[in-house]
Amino acid sequence: MAIRASLLEQIYTVVAQVPAGRVTTYGRIAGMTEGATARLVGTAMRQLPAGHALPWHRVINATRRVADHGGASEQQRLLREEGVVFDGAGRVPARLLWPD
DNA sequence: GACGAGGCTGCTA
DNA sequence: CTAGCAGCCTCGT
């Protein structure tokens with residue numbers, strides 16, 4: 001399951017630029033790359049290498065909720081540690097989306 | 001070459 | 001609010 005290196009590189013670059021305490025969506029990342037799609041970004045996050053230093057937890061879906069996957073609970077925990085807040089519906093305020 | 005399956009999205013009902 | 005559906009890109013069978 002390897003994504004083309006060129007796309008992986010762009011996805012990594014974009015994700016690495018998300019500031020702490022902010023989040024972005026798969027679709028936004030896909031839009032900042034050339035050829036990637038939201039689906040592909042999700043796949044890229046899924047198969048991250050063990051020693052990665054990527055803030056994958058700052059990537060959420062278009063409904064501003066944490067995607068339903070194996071590490072969802074940990075993802076929310078990490079985000080809250082950075083000061084990201086969740087409303088009653090478990091969603092992140094639009095003002096925390098990056099870029100603005 | 002076909003098919004199914006993914007941390008998705010936007011539209012329509 | 002939920003459900004269904006067609007696009008989207010890549011990989012393993």
Side-chain angles (χ1 to χ4, degrees):
Chain A
M1 301 280 243
I3 297 169
R4 283 190 174 176
S6 58
L7 289 180
L8 257 189
E9 188 178 342
Q10 294 181 63
I11 292 171
Y12 282 8
T13 300
V14 173
V15 174
Q17 288 176 28
V18 180
R22 301 281 225 109
V23 296
T24 190
T25 68
Y26 298 96
R28 278 174 124 129
I29 293 173
M32 295 179 217
T33 61
E34 299 169 14
T37 62
R39 198 77 187 216
L40 200 43
V41 175
T43 302
M45 297 296 102
R46 178 168 54 102
Q47 53 95 78
L48 281 172
H52 68 81
L54 230 51
W56 58 274
H57 52 277
R58 295 181 195 141
V59 184
I60 60 178
N61 58 28
T63 64
R64 306 207 307 277
R65 285 177 198 267
V66 172
D68 180 26
H69 63 97
S73 58
E74 182 184 338
Q75 181 172 2
Q76 279 197 48
R77 181 178 63 74
L78 290 169
L79 287 174
R80 267 183 288 138
E81 287 181 0
E82 295 185 341
V84 175
V85 297
F86 295 89
D87 63 13
R91 290 195 275 149
V92 173
R95 61 184 175 76
L96 292 182
L97 285 178
W98 178 90
D100 293 315

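Order of the sequence lines fixes the chain letters, A, B, ..., with proteins taken first and strands second; residue numbering starts at 1 for each chain. All values below come from the heavy atoms of this structure, side chains included, with hydrogens, waters and symmetry mates left out.
- Near DNA chain B, defined here as any heavy-atom distance below 4.0 Å, the residues from residues 75-87 of chain A are A:Gln75, listed numerically.
- In terms of modelled atom types and a separation under 3.5 Å, the side chain of A:Arg91 and the main chain of A:Arg65 share no donor-acceptor contact.
- Two residues, A:Leu40 and A:Asn61, neighbour DNA chain B, and the one matched to the more 5' nucleotide by heavy-atom proximity is A:Leu40.
- As rounded to whole Å, 16 Å separates atom C1' of B:dG6 from atom CH2 of A:Trp56.
- Annotation for A:Thr24 and A:Val18: closest pair CG2-CG2, 3.8 Å, computed over non-hydrogen atoms.
- Going from atom CG of A:Leu7 over to atom C1' of C:dT10 covers 10 Å, rounded to whole Å.
- A:Gln47 places a side-chain N or O within 3.5 Å of a backbone atom of A:Ala44 that can act as its donor or acceptor partner.
- Across all strands shown, B:dA2 forms a Watson-Crick or G-U wobble pair with C:dT13, both key distances being under 3.5 Å.
- A donor-acceptor pair under 3.5 Å is absent between the side-chain atoms of A:Gln75 and the main chain of A:Ala67, judged by distance alone.
- Atom CG of A:Asp87 has more than 12 neighbouring heavy atoms from other residues, nucleotides or ligands inside a 6.0 Å radius.
- Of the possible polar contacts, one joining the A:Gln10 side chain to the A:Glu34 backbone as a donor-acceptor pair under 3.5 Å is found.
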Could you run down the sub-3.5 Å N/O contacts of the protein with nucleotides 1-8 of chain C?
none

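- Look at CZ on A:Arg4: it is 5 Å from P on C:dT10, rounded to the nearest Å.
- One hydrophobic cluster, built from ILVMFWY side chains closer than 4.5 Å, holds both A:Leu7 and A:Trp56.
- The distance from atom CE of A:Met45 to atom P of B:dG6 is 18 Å, rounded to the nearest whole Å.
- Residues A:Phe86 and A:Ile60 fall within the same hydrophobic cluster, defined by Ile, Leu, Val, Met, Phe, Trp and Tyr side chains chained together at heavy-atom separations under 4.5 Å.
- Side chain to side chain, A:His57 and A:Gln76 fail the donor-acceptor criterion of an N or O pair below 3.5 Å.
- Looking at heavy-atom distances under 4.0 Å, A:Val41 makes no contact with the nucleic acid at all.
- Residues from residues 16-34 of chain A that place a heavy atom under 4.0 Å from any atom of DNA chain B, listed by number: A:Thr25, A:Tyr26, A:Gly27.
- Under a hydrophobic clustering in which Ile, Leu, Val, Met, Phe, Trp and Tyr are joined whenever their side-chain heavy atoms come within less than 4.5 Å, directly or via other members, A:Val92 and A:Tyr26 fall into different clusters.
- Of all heavy-atom pairs spanning A:Pro99 and A:Arg28, the tightest one is O-NH2, 3.2 Å.
- Between the CD atom of A:Glu9 and the P atom of C:dT10 there is a distance of 15 Å, rounded to whole Å.
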